[in-house]
There are 2 protein chains.
Amino acid sequence: MSQSIPSSRLSVHSSGADGDRRRPNTWQAIRAEVLGRIRSGEWPPGSLIPTEQMLSVEMGCARATVNRALRELADSGIIQRRRKVGTRVAATTSRRTTLSLRVIRDEIEALGATYRHEMTECLTCAPSQAAMQALQLDASERLLLVKSRYLADARPHCCEAIWLHPRLLAMPGGAAADPGLFAAEPPQEWLARSLPVIQGHVSILAEAASGSCAVNLEVEPGTPVMAIERVTLLDGLPVAFARQFYPPRHRLVLGD
Amino acid sequence: MSQSIPSSRLSVHSSGADGDRRRPNTWQAIRAEVLGRIRSGEWPPGSLIPTEQMLSVEMGCARATVNRALRELADSGIIQRRRKVGTRVAATTSRRTTLSLRVIRDEIEALGATYRHEMTECLTCAPSQAAMQALQLDASERLLLVKSRYLADARPHCCEAIWLHPRLLAMPGGAAADPGLFAAEPPQEWLARSLPVIQGHVSILAEAASGSCAVNLEVEPGTPVMAIERVTLLDGLPVAFARQFYPPRHRLVLGD
DNA sequence: AAGTGGTCTAGACCACTAA
DNA sequence: TAGTGGTCTAGACCACTTA
């Protein structure tokens, strides 16, 4: 059976030991080339770059490969693509970075510290103002409020308050039957386990530690803390509203 | 010339008006199907799912399409893929979300507010402790420190302190010649313009407003502020260290 | 050595949109 | 209507990793 050998591939390999790069036709190589031309000023911000067709000819690869490279750059916000118009170098350098939100147990263990969890409160009550807004309900509703804190080598790492909608607790495997469940497993982990793929919104803000938050983090009331708010959706409806607080030393690092 | 007609496509279309979905063979549809099986518990966390080959047969599409779908899920942290081993549903629900960091002018204009910028300080001095660490240099170095604030409808939106390495100012089009440049154009925008594709690190933390930061944001000293720290690299070396502070009301929203 | 994902290719058609 | 990006396909080879 005759193997079909891509000519461009062959010609490159036959040119001998010229290379640091293994194969010049990877989408990563194309991406690097395009990035280089943008960086060098050859394709300044706001300008149109050649079409996929033209680039595939110039770079000696398939259009799909160019497409893959340009799609990655578009996902990073470096270029903008529109049908019929073409591909434009982004005018404003707005970078898109990724943030990995891990379960707190992982966060602590990644530090090489010993993980511990304590439930500090667990009660049924009316929602706070913020919880009402986040969960889109009114004051007549009754929710489960669970407060916890997480320790890394016995030092406070994070504390958390989470409002759980009855709809969530009524789920199969839910905690409706056993209200003491969250003493053993933090609500966040239970949530991650119960809803295999979590959907929702996340936002980050700075706040002054108040009340139980200051106590749990062992800081003075009024100390700045970083708050991560998460609304978890189930079938498109909000069912949990969590606020996690981190002491000032904590740093959220973004990156690929 | 005979056109090659994908049989699966044809058979689907010939089955008549059964569908809300236009085409069932898109990678988005495959992704949704896989996601559904994970959510339903058919493929529980930690389990192996079928190979691309098997899925492509089952779903009646090309393996490349399955690959695209699964790659997207892997990028979101929902599944983990390893050659020879297969594809596994992620055990810990660690979600990866994206954060768009825009230039502050865009941030303010997106609020529908009027943008204004003021340079409050501009001096050459020795680096602070944090700047030394971020820029990997010692106290003998002299840097340009520029402090600015940004106003949205005349209300303080953000303030910024940025340390610039001489190497950066010496660039073509640099500010070495004209130290008053940053009165007209904020350093961050100048940076975005000068370095078309910015590389660097970003981290987020909560701090107490102090000194000029409190003054510029018009808040009491000690007020919690959210700080975004950015180190900008040029040819792999750090050349700028920026700290942007936002008042407590500010909310960083993550999401696609 | 063998199995799995990662990628490239050539060709085709589709979807969107400015002119 | 025409031009551009978006996607699918079938087949092939490569790269990595476990056995």
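Every chain is numbered from 1, with letters handed out A, B, ... down the list of sequences.
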Exercise. According to a strict under-4.0 Å criterion, is B/Thr65 in side-chain N/O contact with OP1 or OP2 of D/dT9?
Worked result: yes
For this session: Return the set of residues passing side chain to side chain contact (heavy atoms under 4.5 Å, CB included) with B/Ala62 (not counting sequence neighbours), or none when no residue passes.
Result: B/Thr65
Exercise. Quick one: side chain to side chain donor-acceptor pair (under 3.5 Å) partners of A/Gln188, sequence neighbours excluded?
Worked result: none
Exercise. Just how far, in rounded Å, is C1' of C/dG5 from CG of B/Leu55?
Worked result: 12 Å
Problem set entry | Sequence-distant partners of B/His117, side chain to side chain donor-acceptor pair (under 3.5 Å), two or more places apart | none
Exercise. So does A/Arg63 reach the base of D/dT4 with its side chain, donor to acceptor, closer than 3.5 Å?
Worked result: no
Seminar exercise, completed: By side chain to side chain contact (heavy atoms under 4.5 Å, CB included), A/Arg105 pairs with (sequence neighbours left out) A/Val103, A/Glu109, A/Tyr115, A/Glu189
Exercise. Who are the side chain to side chain donor-acceptor pair (under 3.5 Å) partners of B/Arg116, not counting sequence neighbours?
Worked result: B/Glu118
Problem set entry | For B/Arg88, all residues meeting side chain to side chain donor-acceptor pair (under 3.5 Å), sequence neighbours excluded | none
Exercise. Which part of the nucleic acid, if any, lies within reach of A/Arg68 when heavy atoms closer than 4.0 Å are counted: base, sugar-phosphate only, or nothing?
Worked result: sugar-phosphate
For this session: Quick one: list whatever passes side chain to side chain contact (heavy atoms under 4.5 Å, CB included) with B/Ala74, sequence neighbours left out.
Result: B/Ile79, B/Arg81
Seminar exercise, completed: Closest to the side chain of B/Arg81, out of C/dG5, C/dC13, D/dA10, is C/dG5
For this session: If a pair satisfies salt bridge (Lys or Arg N to Asp or Glu O under 4.0 Å) and one of its residues is in residues 59-75 of chain B, list it, with sequence neighbours excluded.
Result: B/Glu52-B/Arg63, B/Arg68-B/Glu72
Exercise. To the nearest 10 degrees, what angle separates the axes at the start and end of the helix from C/dA1-D/dT18 to C/dA18-D/dT1, five pairs each?
Worked result: 20°
Problem set entry | Phosphate OP1/OP2 of D/dT9: any B/Asn25 side-chain N/O under 4.0 Å | yes
Exercise. Is any side-chain nitrogen or oxygen of B/Asn67 closer than 4.0 Å to OP1 or OP2 of C/dG6?
Worked result: yes
Problem set entry | Main-chain N/O of B/Ile78 paired with B/Ser76 side-chain donor or acceptor, under 3.5 Å | no
For this session: Would you indicate what B/Gln80 reaches in the nucleic acid, counting non-hydrogen atoms under 4.0 angstrom: base, sugar-phosphate, or nothing?
Result: nothing
Problem set entry | For atom CH2 of A/Trp27 and atom P of D/dC14, their distance in whole Å | 20 Å
Exercise. With respect to the phosphate group of D/dT7, does any side-chain polar atom (N or O) of B/Gln28 fall under 4.0 Å of OP1 or OP2?
Worked result: yes
Exercise. For A/Gln80, which residues count as a side chain to side chain contact (heavy atoms under 4.5 Å, CB included) partner, sequence neighbours excluded?
Worked result: A/Ala90
Exercise. Taking DNA chain D as the partner, which of residues 44-54 of chain A come within under 4.0 angstrom of it by heavy atom?
Worked result: A/Thr51, A/Glu52
Exercise. Stepwise, does the side chain to side chain contact (heavy atoms under 4.5 Å, CB included) test hold for B/Leu55 with B/Ile30?
Worked result: CA-CA 9 Å; B/Leu55 286 174; B/Ile30 307 294; over 6 Å; no
Exercise. Does a side-chain N or O from B/Thr87 land closer than 4.0 Å to OP1 or OP2 of C/dT4, or not?
Worked result: no
Every protein N/O lying under 3.5 Å from an N/O of nucleotides 17-19 of chain C:
from   : atom 1 : to      : atom 2 : distance (Å)
C/dA18 : OP1    : A/Arg82 : NH2    : 2.5

